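Here the structure is a predicted model, which is why all the values come from computation and not from measurement. Quick note: residue numbers are just sequence positions, from 1. Atom set for the values below is all heavy atoms of this structure, side chains included, hydrogens, waters and symmetry mates excluded.
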Amino acid sequence: MANILIIDDEKSIRKTLSEILTYEGYKIDEAADGAEGFKMYQAKAYDAVLCDIKMPKMDGLEFLEKAKETNPDVPIIMVSGHGNIDTAVEAVKKGAYDYISKPPDLNRLLITLRNALDKTTLVAETKTLRKKVNKTPEMIGESAPILKIKDTISKVAPTDARVLVTGDNGAGKELVARWIHEYSNRASGPLVEVNCAAIPSELIESELFGHEKGSFTSAVKQRIGKFEQANGGTLFLDEIGDMSLSAQAKVLRALQEGKITRVGGDKEISVDVRVVAATNKDLLKEVEDKNFRLDLYHRLSVILIHVPSLNDRKDDIPLLVDHFLDGVCAEYGIARKAADKDAMKALQQHQWTGNIRELRNVVERLVILSGKTITADDVENYVVPNHDKKKATT
């Protein structure tokens, strides 16, 4: 049942609107002027407001401005008998959802109110979805290496120190970068991620620094690069060991001077960006092989965080499995499944070449293919590849 606030200094109008909307199933509160209405608006969550314009103490447009400052998501429909086109335009400019003249056409009023409430519902659903999408996953584990990482993040995140995260593919380097951003003073700013290995070497500079229109054949319009997009926030350079030497030189300059230049441009653009980089390569070995700049390595590695492989933290596997079981079962809308002790033991004995990513996929497979309880036989049948079984028997 939607809560509607009616603000009008004419008692007969309030009574008429209240009776009609109550009959339609809405819950109604009434206020005799803008000041009273604003106090009620501050004290209670409303789904929509019907507000007159000409009122004592506080008129409708003043109420509208104050209400939008308090909670901009609530639709406010202005209803007035003294208005004209200019008044309607001013009301809409100040944030009114719609404007209806008195005496109101009841059909139009009800349709407008329904549309306004639909908008409120969509806004709420969108916020909920964004929270679900943007929520940083937990860092699951109580092993010594994970506790050390959590402690390091708590110390490093509030600073602007650059961080280099190392570890195998699928170990959780991206999650470390997300938590550094989440606990930093830049958490309200953007976290922009770039997978350097996934971008062709000839396009990486355009991706990072942007380009001007006409700077190369396919540059049909200006493009803003990742450094500019991350201004005021954090730039996560994943798999930085795969970046070309020419791009490395530009990244080094950006870190040294806090300025970038778009491809094909000559204007220097100041950027305020914290860089967190990650790699699965031994960068010092890459330096020896002349594939990576030593000066850039030192710029990036103010703080070093190594994420252990899953095989080096097998004590965390039961916690991780339980966490993934919760998520997978909820995602599929099925009753929560459990893994018995023998199944957990078998999972801990498995060699995880794909680390956390592989474990998550395995749990999903077991949820789909096993019964109510996941057993050691399920692990044997659905986790261990057939070719590994053949090797074990020969």
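Within 6.0 Å of the NZ atom in K148, the count of heavy atoms belonging to other residues, nucleotides or ligands does not exceed 12. For Q42, the CD atom sits in a packed shell: over 12 heavy atoms of surrounding residues, nucleotides or ligands are nearer than 6.0 Å.
In this structure, the ring-ring contact (aromatic ring centres under 6.0 Å, His included) partners of H211, at least two apart in sequence or on a different chain, are F216. With sequence neighbours excluded, the residues that form a side chain to side chain contact (heavy atoms under 4.5 Å, CB included) with A278 are V165, K173, F236, D238. The side chain to side chain donor-acceptor pair (under 3.5 Å) check on D151 picks up K155, with sequence neighbours excluded. By the ring-ring contact (aromatic ring centres under 6.0 Å, His included) test, Y332 is found to be paired with no residue, residues two or more places apart in sequence or in another chain being considered. Partners of E286 under the salt bridge (charged side-chain N to carboxylate O under 4.0 Å, His left out) rule, at least two apart in sequence or in another chain, do not exist in this structure. Shown here are the side chain to side chain donor-acceptor pair (under 3.5 Å) partners of D59, two or more places apart in sequence or in another chain: there are none.
Listed by first and then second residue, the salt bridge (charged side-chain N to carboxylate O under 4.0 Å, His left out) pairs involving residues 338-348 amount to none (not counting sequence neighbours). Residue pairs meeting the salt bridge (charged side-chain N to carboxylate O under 4.0 Å, His left out) criterion with at least one member in residues 349-364, sequence neighbours excluded, are E331-R360, R360-E364. The ring pair (Phe, Tyr, Trp, His ring centres under 6.0 Å) analysis of residues 41-69, with sequence neighbours excluded, yields the pairs Y41-F63. Residue pairs meeting the ring pair (Phe, Tyr, Trp, His ring centres under 6.0 Å) criterion with at least one partner in residues 282-307, sequence neighbours excluded, do not occur; the list is empty.
Contact annotation: the side chain of E239 approaches that of N169 to within less than 4.5 Å [non-hydrogen atoms, C-beta and beyond]. Between Y382 and I368, every side-chain heavy-atom pair lies at or beyond the 4.5 Å cut-off. Using a 4.5 Å cut-off on side-chain heavy atoms (C-beta onward), I4 and K27 make no contact. Using a 4.5 Å heavy-atom threshold, the side chains of D242 and K281 count as touching. A 4.5 Å side-chain heavy-atom check between L255 and L300 finds at least one atom pair inside the cut-off. The shortest side-chain heavy-atom distance between T234 and V273 does not fall under the 4.5 Å cut-off. With a 4.5 Å cut-off on side-chain heavy atoms, V302 and V163 do not count as touching. Between V251 and Q248 there is no side-chain heavy-atom pair separated by less than 4.5 Å.
Chaining together hydrophobic side chains whose heavy atoms lie under 4.5 Å apart leaves I224 on its own. Annotation for V92: hydrophobic cluster partners, listed by chain and number, are none (ILVMFWY side-chain heavy atoms under 4.5 Å, direct or chained).
Shortest non-hydrogen contact noted between G141 and I146 is O-CG2, 3.7 Å. Residues P308 and R313 come closest through the heavy atom pair CG-CD, 3.9 Å.
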Do T112 and N115 pass the side-chain hydrogen bond (donor to acceptor under 3.5 Å, both in side chains) test, and can you show the C-alpha distance, the side-chain angles, and the key distance before you say yes or no?
CA-CA 5 Å; T112 302; N115 289 341; 5.8 Å; no

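Aromatic pair H181/W179: centroids not less than 6.0 angstrom apart.
The side chain to side chain donor-acceptor pair (under 3.5 Å) with R262 is formed by just one residue from the set E205, E268, E212; it is E212. Here the options are I303, L175, I153, the test is side chain to side chain contact (heavy atoms under 4.5 Å, CB included), and the partner is I180; only I153 passes.
With respect to the salt-bridge test (charged N to carboxylate O, under 4.0 angstrom), the residues R108 and D98 qualify.
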